[in-house]
Amino acid sequence: MKQPEVLHKVVFLDRDGVINRDSAEYIKSRQEFEFLPGSITALVRLREAGYDVIVITNQSAVNRGMITLKGLDDIHSIMKETIQRHGGRIRDIYYCPHRPDEGCDCRKPKPGLILKACDQYTIDLNHAIMVGDSTKDIECARNAGCARAVLVKTGNGPKSEKELKAGGFEADYVATDLENAADWIIQEDV
Ligand SMILES: [Mg+2]
C-alpha cells in the first residue's frame, strides 16, 4: 500500500474572507471570486518558507442550490492556477457542501475537514496552524488539535474578534490580513 505523503509544516486556510473577498450573497461564480490584497503574496511567502497550504472551507452554497460542484471546482481551479502562476501553491482543498441544518461532521467548527486531510496525508497537528476570519475557524482549530489558531481582521474578522473575546476563545494571534498572518507564522516557526 502506498504510504500517505508526509507534510511537515501545514497551514490550514479558510477561503472566504481570508484568500478572497467574502460576500453575504456567497461566492457563486468565478466572476465573484476576487483575491484580497496581499493574499497571493502571503501564499508565495509560505511556500518559500516550506509550508504546505491546505484550504478548509464551508461552502453551504452547494447544498443551498446556489452553485454546482462543477461551479465550485471551476472557482478552485482558477484560484489554484492564479496562485501557482505567482509562485505560491495550494496543496489541497477540502470543502463542506452541507447546510447548517444537515448536521454533518465536516462543517466548521467541527474538525471533520481537517481530520479528512489527516487521513490522506501524514500531518502532525502539533505543528499545524489554522488561519481564518471567523470564530468557527478558531474553534475548528481547537477542536482538531492544531498547534496555533490565527484570526485575520479581513472579512468577518473584526466581528469575530469581539465574539471570541466574549466567549473566552481567543486566537493565538490576530493578524491584520493574510500577509501579516504569514509573516507571523514564518517568524513563529511552529
Ligand atoms: Mg471565512
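Atoms within a ligand are numbered from 1 in the order they appear, just like the ligands themselves. The basis for the numbers below is simple: all heavy atoms, side chains too, and nothing from hydrogens, waters or symmetry mates.
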Metal-centred angle, OD1 of Asp133 through the Mg ion (ligand 1) to O of Asp16, rounded to 10 degrees: 100°

Salt bridge flag under 4.0 Å for residues Arg30 and Asp74: yes

Closest approach to the Mg ion (ligand 1) by Asp14, given as the N, O or S atom name: OD2

Summary of ring pair (Phe, Tyr, Trp, His ring centres under 6.0 Å) pairs that have at least one residue in residues 156-190, sequence neighbours excluded: Tyr173-Trp184

Residue pairs involving residues 35-80 (criterion ring pair (Phe, Tyr, Trp, His ring centres under 6.0 Å); sequence neighbours excluded): Phe33-Phe35

Asp137 backbone or side-chain N/O/S under 2.8 Å from the Mg ion (ligand 1): no

Electrostatic pair Arg45:Glu179 at N-O distance under 4.0 angstrom: yes

